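First up is the structure itself, then whatever we jot down about it.
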Amino acid sequence: MTPRFICLLMLSLAIPVASASAQESSQGSESAEGWFENPTRTRGLLGSTALPLHAGEGYIGQKAFFATVAEVGLSERVSVHLATATLFQLVYTDTAFSLMGGIKVSTPLTDKLHLAFGAQGGSYDSDLPGSLGLHNAAAIYGALTYGTADASLSFTVQPIYVWARDDNGGLMVMPMVGGFLRVSEHWGFAGEVAISPVPAMSDAFAFATAGARFMGPRWSVDLGILAGTQLKGQDTPAFVPGASFLYHWR
């Protein structure tokens, strides 16, 4: 898999699929244990859930070291998001530009089952070896989440199409399964597994993440490991540590 596609893939995954639901208020601002409402319920370590943001709720911060992300709920059903890797790129390159954004809509199917869908797109430019200049990406996605803000299982499918001026482009379909379990008021465990049944620019891409999440009402810190055989273009797994730091508001 080429570096440009990996970068666009990671950036697109860093943008949450989660959205808002008019029914979510039935869960209240606290969990059944009397804890504060989980501000990270809309996302996994790298992927996303279909659980809601409330109207006016949002967050901003650095996700997996790679992407600076922000999301805000426009209503109880619609939210918008932005992500950029430019700050990360400037550390390693002279040419650095990336920006992706999108809109998403969510609806509750039952009290514990939520469906989210939407679209996103953007551009990525870098002079890293193998990046081959400016590339663009567009994606549609759907996510189904069963559970609550404190314990959930999510399934996400996101076809991503990447192209450039002198390139016919390539398509990757990215199914991903993820989960979260809140162990106490301030921490829990999260993880995802993803694999593509359709080859992308060169090879099929598969990865897994696992780690711990620490949180308060207005902040969250994720510490995890990403493992994947395509990270180094070889058959043996490569392991990369990562961390996310986000500020939440409501």
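Since we're looking at a predicted model, the values are computed, not measured.
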Does [X] use its side chain to pair, donor to acceptor, with the backbone of [Y] at less than 3.5 Å?
X    : Y    : value
W249 : G56  : yes
R218 : P39  : no
S154 : T145 : no
S98  : T86  : yes
T209 : E192 : yes

Using side-chain heavy atoms (C-beta onward) and a distance below 4.5 Å, is [X] in contact with [Y]?
X    : Y    : answer
H81  : V69  : no
H186 : F214 : no
V72  : L53  : no
T49  : R41  : no
L246 : T40  : no
M215 : R182 : yes
Y141 : I160 : no
S106 : R77  : no

Linking I/L/V/M/F/W/Y whenever their side-chain heavy atoms sit closer than 4.5 Å, directly or via other members, would [X] and [Y] fall into one cluster?
X    : Y    : answer
L223 : W219 : yes
M176 : L181 : no
V193 : F155 : no
F245 : W187 : yes
F117 : L113 : no

| Aromatic ring pairing Y161/W163, orientation class (parallel under 30°, perpendicular over 60°, tilted between) | parallel
| said: Check the orientation of Y59 and H248. Use parallel for under 30°, tilted for 30 to 60°, and perpendicular for over 60°. | reply: tilted
| message | Tell me whether R43 is salt-bridged to E71, with the criterion being a basic N under 4.0 Å from an acidic carboxylate O. | response | no
| message | L109 vs L144, test: side-chain contact (heavy atoms from CB on, under 4.5 Å). Steps then yes/no. | response | CA-CA 10 Å; L109 302 180; L144 192 65; 3.9 Å; yes
| Heavy-atom count around I140 CD1 within 6.0 Å, excluding the residue itself: above 12? | no
| task | May I ask you to check whether over 12 heavy atoms, not counting those of Y146, lie within 6.0 Å of atom OH? | result | no
| At what distance, to the nearest 0.5 angstrom, does CD1 of I60 lie from CD of Q62? | 10.0 Å
